[in-house]
Number of protein chains: 2
Amino acid sequence: MINDIQPLSDRKEEILLAARKRFSEKGYASASMRDLAKDLDIKAASLYSNFESKDDILWEIARRCARDFFVGIEPIFSDTSLSPETKLTHMLEAHIEVVLANQDASTIFFDEWKHLKEPRNEQYGNLQKQYAKRFQEVIRQGTEKGVFRAVEGRFVTTSLLSAINWIARWYRPTGRLTIEQIKEELLNLLMNGLRGERSKNN
Amino acid sequence: MINDIQPLSDRKEEILLAARKRFSEKGYASASMRDLAKDLDIKAASLYSNFESKDDILWEIARRCARDFFVGIEPIFSDTSLSPETKLTHMLEAHIEVVLANQDASTIFFDEWKHLKEPRNEQYGNLQKQYAKRFQEVIRQGTEKGVFRAVEGRFVTTSLLSAINWIARWYRPTGRLTIEQIKEELLNLLMNGLRGERSKNN
DNA sequence: GTCTATAGGAAGATAGAC
DNA sequence: GTCTATCTTCCTATAGAC
């Protein structure tokens, strides 16, 4: 599914790029094929020489997004020489980097994929779970080793990633925070969250 | 805007309830007036005896959601007897409770409001900023007092709320975690994140 | 691979009877 | 306040010429 992604013709890739932007900005349902065609200075009908349907376009975009995220963490996740703490830090860092470098794609990966029709929708949902599981596994190892608090793994994994994912909605490269600052603030927040004492908070 | 919300007729409130569910589940753009009418066992045209437009329905829903969130934190935020730490804990707790008790509404508050037409869209965006500022202010006080690390206030506020907001997407009351567990896990994670040491994470 | 033309349907919304 | 009927516009998608 992300292993059988074929390189497409230049034209097709151009269309995917424009569609990614449109779908991300207006939302898949609100972005029409006519909108998309206009961005590319062609007529809507011409899009159908390149892709069979709107769903096919979303699918190709979604697959590529997923691949980017997996490629980001895979070498770190597979590196058996790293401690859970270091590994998780680097994986989160990689995740942040992919989000920041591919904001439009991230919006598809987090939100717009829900518009995929079955059976693609279900397939994609499973892929997302797989991705989160990678983080959950490292957190589990860290807890076992005693460097992280005892946490509800699946829940906390989701929470960590959620805090990061929201960035895709508001980050603008022209803003006051640099990528490095964002990475530092987030990693401090999240890693301290895992390390701290269990307290009653009352 | 949230202070001039009028109680509507029973029928109108029924429509808002059904619409909140529909908009939340399928997304505003993908949920048609005909869909909504079918849920209520009436014809689409009848909806227009109650509301002037689809945008008006979204607006009434969105305003009510915003009010619920503000009502949740306002008494805590205004309580001058609380330390920043206690105040933030209780405000986050209130936020979590509102999210869990009003999942459909939360989805509107976090996502679907973007489909509001101008000038409502801008107005609503400002309201959201106001809400986040309440949290940011308390974090600033905590940092000043030395109980929280020095953090980039606006950014960290967004991150904390983001971690919580994602819950609205997946939480099901029938799941394995109780509301109390969710609150405890999240508060531990977030409050520890603010308290911990600044570290290099490398 | 792009065009014009158009099919076929679904969208938001309105008119007017009851 | 709900209905039937309908307007207008927009949608995804196809047919066939160039």
Side-chain angles (χ1 to χ4, degrees), chain A residues 6-62 108 111-121, chain B residues 6-63 108 111-121 124:
Chain A
Q6 305 298 329
L8 301 174
S9 71
D10 288 357
R11 193 71 183 119
K12 285 193 172 67
E13 295 287 355
E14 273 171 35
I15 293 173
L16 291 183
L17 191 68
R20 214 171 61 182
K21 189 156 176 247
R22 266 278 164 199
F23 292 172
S24 154
E25 280 171 3
K26 299 194 50 172
Y28 175 77
S30 302
S32 73
M33 294 295 267
R34 284 177 175 84
D35 287 339
L36 176 53
K38 194 170 275 177
D39 290 343
L40 293 157
D41 267 314
I42 57 175
K43 298 294 171 185
S46 308
L47 291 168
Y48 291 88
S49 308
N50 295 282
F51 295 94
E52 287 195 359
S53 68
K54 195 183 176 187
D55 195 67
D56 275 12
I57 295 180
L58 180 59
W59 177 240
E60 286 302 327
I61 296 172
I108 311 285
D111 296 320
E112 301 306 323
W113 70 272
K114 305 229 160 152
H115 292 99
L116 282 170
K117 292 184 184 141
E118 297 297 358
R120 288 168 172 173
N121 188 293
Chain B
Q6 305 298 331
L8 301 175
S9 71
D10 288 357
R11 192 73 184 117
K12 285 192 172 69
E13 295 287 355
E14 273 173 35
I15 294 172
L16 291 183
L17 191 69
R20 213 172 62 182
K21 190 156 175 250
R22 266 277 164 201
F23 293 171
S24 154
E25 280 172 3
K26 299 193 49 171
Y28 175 78
S30 302
S32 73
M33 294 295 267
R34 286 174 175 80
D35 287 339
L36 177 51
K38 194 169 277 179
D39 290 344
L40 293 156
D41 268 314
I42 56 176
K43 297 294 170 184
S46 309
L47 291 168
Y48 291 88
S49 308
N50 294 284
F51 294 96
E52 286 195 359
S53 68
K54 194 182 177 188
D55 195 68
D56 275 12
I57 295 179
L58 180 58
W59 177 239
E60 288 301 327
I61 296 172
R63 293 203 298 160
I108 312 285
D111 296 320
E112 300 307 323
W113 70 272
K114 306 228 158 148
H115 292 98
L116 282 169
K117 290 185 184 140
E118 298 296 358
R120 288 167 172 174
N121 189 294
Y124 205 80

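We name chains A, B, ... by the order of the sequence lines, and we start the count at 1 in each one.
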Whole-Å distance between D:dT12 P and A:Lys38 NZ?
13 Å
Tell me the interatomic distance from A:Leu36, atom CG, to D:dA13, atom P, rounded to whole angstroms.
12 Å
Would A:Asp39 and A:Lys21 count as a salt bridge (charged side-chain N to carboxylate O under 4.0 Å, His left out) here? Give the steps.
CA-CA 10 Å; A:Asp39 290 343; A:Lys21 189 156 176 247; over 6 Å; no
Without decimals, in angstroms, what is the distance between A:Asn50 CG and D:dA13 C1'?
14 Å
In whole angstrom, what separates A:Leu58's CG from D:dT12's P?
12 Å
How about A:His115 and A:Ile108: do any of their side-chain heavy atoms sit closer than 4.5 Å?
no
Please give, in whole Å, the distance from D:dT12 P to A:Leu47 CG?
10 Å
What class does the angle between the rings of B:Trp113 and B:Tyr124 fall in, given that below 30° is parallel, 30 to 60° is tilted and above 60° is perpendicular?
tilted
Separation of A:Glu13 atom CD from C:dG1 atom P, in whole Å?
13 Å
Would you mind telling me which of D:dG1, C:dG1, C:dT4 lies closest to the side-chain atoms of A:Lys43?
C:dT4
Considering every strand and a 4.0 Å limit on heavy-atom distances, what is the contact class for B:Ala29: base, sugar-phosphate, or nothing?
nothing
Could you tell me whether the phosphate oxygens of C:dG1, OP1 or OP2, come under 4.0 Å of any side-chain nitrogen or oxygen in A:Ser46?
no
d(NE2, B:His115; C1', C:dG12) in whole Å
15 Å
Closest heavy-atom contact between B:Ser30 and B:Asp35?
O-OD2, 3.8 Å
Base, backbone or nothing for each nucleotide of nucleotides 13-18 of chain C, written B, S, -, heavy atoms under 4.0 angstrom, 5' to 3'?
BB----
Above 12 or not: heavy atoms from other molecules or residues under 6.0 Å from CD of B:Glu13?
yes
Would you verify whether the NZ or CZ of A:Lys54 falls within 45 degrees of the ring axis of A:Tyr28 while also being under 6.0 Å from that six-membered ring's centre?
yes
Would you tell me if any nitrogen or oxygen in the side chain of A:Ser32 comes within less than 4.0 Å of OP1 or OP2 on D:dC11?
yes
If you count the non-hydrogen atoms of other residues, nucleotides and ligands that lie under 6.0 Å from CD in B:Glu25, is the total more than 12?
yes
To the nearest angstrom, how far is A:Asp41 atom CG from C:dC3 atom C1'?
14 Å
